[in-house]
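Here's the structure, in structure tokens; my notes come after.
Chain letters run A, B, ... following the sequence lines, proteins first, then strands; residues in each count from 1. Computed from heavy atoms alone, side chains included, the values below leave out hydrogens, waters and symmetry copies.
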Protein chains: 2
Amino acid sequence: MKTSLVAVDFHGQGCADCAVRGFSVCASLDQFEMREFEQLSRRVSFASCETVFAQEDRSSCFYNLLDGVMRLYKLLPDGRRQIVGFVLPGDFVGMTTEERHGFSADAIGPVTVCQFAKLPFGRFADDKPNLLRRMNELAVQELNQARDHMVLLGRRSAEEKVATFLVGWRDRLVELRGPSNIVPLPMSRQDIADYLGLTIETVSRTFTKLERDGIIAILPGGVSLRDSARAEALAAA
Amino acid sequence: MKTSLVAVDFHGQGCADCAVRGFSVCASLDQFEMREFEQLSRRVSFASCETVFAQEDRSSCFYNLLDGVMRLYKLLPDGRRQIVGFVLPGDFVGMTTEERHGFSADAIGPVTVCQFAKLPFGRFADDKPNLLRRMNELAVQELNQARDHMVLLGRRSAEEKVATFLVGWRDRLVELRGPSNIVPLPMSRQDIADYLGLTIETVSRTFTKLERDGIIAILPGGVSLRDSARAEALAAA
DNA sequence: GATTCTCATTGATCTGAGTCAAAGACTGGA
DNA sequence: TCCAGTCTTTGACTCAGATCAATGAGAATC
């Protein structure tokens, strides 16, 4: 998949024409606040596979993804990797009170972010209850997703894991791009494996099995959910 | 373990003498705000194994644990259970923007909570950036813990899981009660299994193995970390 | 269009943790 | 003190998913 997964326009540098403005943190700001906020932000692009920030880096910035997809992951000392989330446009990343990032973030395909230095951002947010509440909302949402993912990692079979991932990923894309059962998968099989707590071989076999069972069709760069009802059933129970 | 795990005094009903005041959400309030806040709260006790709130209940309240231990868990339709966290005094539970709770909370042994109705709490917090920031801080902290737990569930062996759990639980108790390598475990083996994504038999066998290896000693109602360096090594790598 | 790479798939085999079954060990109550 | 109930430990066996080892299929380079 060479083309950007989610096409987002940003000709200018302003917030006014930002594709992500309507549903990200900034949605909580009025025009006046936004103008000030704009001064704190900087657009930065990364090439495919570049690291936006790494585990143990000083956490000096927050990021708002504008375009592309990122993976967030933690590494164990011996190299085992757990992907803790995939990031889509509009998602806010890097919120932390810690001195250093607890995980790494890198680009899956080319990526553009809106970057904020932590300190000025903090000062700006300090007397903006709207923004603080919005950030709370986002943190709590993420926490809910994290808990769902714990259930998946701790208590589900390989087949359930893969089906849950596909349905969940589709639903996130539907939010951004509208309904479709074609599910682009910009991440590698290894990424999916590290997200689901499986090996690449098991992911591959499970894809094949789901295709054999008529639940999905494997396409270059993604899958098509042929029988989304059955996929959803696997994801639910 | 019959006695309360963490003894906390609360003779009166006020916040002033609340054992948890110094390190919970309320730490962010000044005396004046606290007086108002006090009016919103109500102390409620639960007997062992009583449910404080259940998955799919309307989320009408937040809770601040004052005394005892709770487990938070999610159930799959077929009864599989994943414990997503254990709650200790000072922890804030139930924060959500959703209409309904995404998980259940029940008492492990007798429990006392400080309960707030969601709506008045929200109104109160609305213009208190200090409180909002504190809540953010707590949410982000929890998110970090959740991500660590994902690594554990997805990428660690049974032995690493159990060692990590014991070290982590000890560290949380040390925060509350001061240093000790005696680790009381008020939760059952089944609880530990459902927290670590294992079966009760595997947990039991792993405890036995750690004891055989001289890393822990199994006591009634808990364990003693005999060789905490080796336990920590298992937990780290 | 041949040559590498990298990534995905498939097959054969192994193993860590699950399952099933039984025996201990506590706990609370009569 | 005995009994019933619950929780924990242990043993024997199984199996889902990991590991090891090719093979296949695109994409990138020359």
Side-chain angles (χ1 to χ4, degrees), chain A residues 1-3 47-49 71 76 78-83 108-109 152-166 184-213 216-223 234, chain B residues 1-3 47-49 71 76 78-82 108-110 152-166 184-213 216-223 234:
Chain A
M1 187 139 295
K2 266 195 219 131
T3 60
S48 190
C49 292
R71 67 181 150 245
L76 291 175
D78 64 0
R80 280 175 289 178
R81 184 177 73 152
Q82 176 67 46
I83 291 187
I108 299 178
L152 177 142
L153 290 170
R155 286 293 177 232
R156 309 189 84 128
S157 69
E159 194 179 18
E160 290 170 342
K161 283 176 175 182
V162 171
T164 306
F165 165 67
L166 291 176
L185 296 172
M187 68 291 284
S188 69
R189 294 286 189 270
Q190 186 64 62
D191 287 340
I192 298 174
D194 287 346
Y195 183 58
L196 300 177
L198 299 170
T199 60
I200 185 174
E201 294 94 332
T202 299
V203 170
S204 186
R205 278 188 251 273
T206 308
F207 269 73
T208 306
K209 176 168 190 308
L210 291 176
E211 182 166 53
R212 239 186 355 249
D213 295 350
I216 65 172
I218 299 173
L219 310 173
V223 302
L234 276 172
Chain B
M1 188 141 290
K2 266 191 223 141
T3 58
S48 190
C49 292
R71 69 184 147 241
L76 291 174
D78 64 359
R80 281 174 289 177
R81 184 177 73 154
Q82 176 68 45
I108 298 178
L152 176 142
L153 290 170
R155 287 294 176 232
R156 309 190 85 129
S157 69
E159 193 177 19
E160 291 170 342
K161 283 177 175 181
V162 170
T164 305
F165 165 67
L166 291 175
L185 296 172
M187 68 292 286
S188 69
R189 293 287 189 267
Q190 186 64 61
D191 287 339
I192 297 174
D194 287 345
Y195 183 57
L196 300 177
L198 298 171
T199 60
I200 185 175
E201 294 94 332
T202 299
V203 170
S204 184
R205 279 187 252 272
T206 307
F207 269 73
T208 306
K209 175 168 191 309
L210 291 175
E211 182 167 54
R212 240 188 353 253
D213 295 349
I216 65 171
I218 299 173
L219 311 172
V223 303
L234 276 172

- Query: Any ion pair linking B:R71 and B:D194 (charged N to carboxylate O, less than 4.0 Å)?
  - Reply: no
- Task: Assign each of A:S157 and A:E201 to its nearest nucleotide of DNA chain D by heavy atoms, then name whichever residue's nucleotide is nearer the 5' end.
- Result: A:S157
- Message: For a quick test of reading the model: is some side-chain N or O of B:T199 closer than 4.0 Å to OP1 or OP2 of C:dG18?
- Response: yes
- Message: Nearest whole Å is fine: how far is C:dC20 P from B:I200 CD1?
- Response: 15 Å
- Query: Taking the six-membered ring of B:F207 as reference, does the NZ or CZ atom of B:R189 fall below 6.0 Å from its centre and within a 45° cone about the axis?
  - Reply: yes
- 5'-most contact on DNA chain C (nearest-nucleotide basis), A:M187 vs A:R155, goes to A:M187
- Message: Between C1' on D:dA16 and CG on A:L153, what's the gap in Å once rounded to a whole number?
- Response: 16 Å
- Message: Within this structure, what is the CG-CD1 distance for the pair B:L198 and B:I192, rounded to the nearest 0.5 Å?
- Response: 10.5 Å
- Rounded to the nearest 0.5 angstrom, the OG-CD1 distance for B:S188 and B:I200 is 6.5 Å
- Note on the structure: Here the distance between atom C1' of D:dG26 and atom CD1 of A:I218, to the nearest Å, is 15 Å
- Under 4.0 Å between any heavy atoms, over every strand shown, what does B:S188 touch: base, sugar-phosphate, or nothing? Just pick one. sugar-phosphate
- Note on the structure: Here the distance between atom P of D:dG17 and atom CG of A:D194, to the nearest Å, is 17 Å
- salt_bridge(B:E159, B:R205) N-O dist < 4.0 Å: no
- Atom CD1 of B:I192 and atom C1' of D:dC7: how far apart are they, to the nearest Å? 12 Å
- Donor-acceptor pair under 3.5 Å: do we get one between B:R205's side chain and the base of C:dT19? yes
- If you look at every strand shown and take non-hydrogen atoms under 4.0 Å, does B:S204 touch a base, only sugar-phosphate, or nothing? base
- Interatomic distance, B:F207 CZ vs D:dT10 P [rounded to whole Å]: 12 Å
- Query: Hey, is the side chain of A:T208 poking within less than 4.0 Å of OP1 or OP2 on C:dT10, counting only N and O atoms?
  - Reply: yes
- Could you give the CG-to-C1' distance, from A:L198 to C:dA8, as a whole number of Å? 16 Å
- Task: Grab the CG-P distance between B:L219 and C:dA25 for me, whole Å please.
- Result: 17 Å
- Query: Which residue, A:R189 or B:E159, contacts DNA chain C at a nucleotide closer to its 5' end, judged by nearest heavy atom?
  - Reply: A:R189
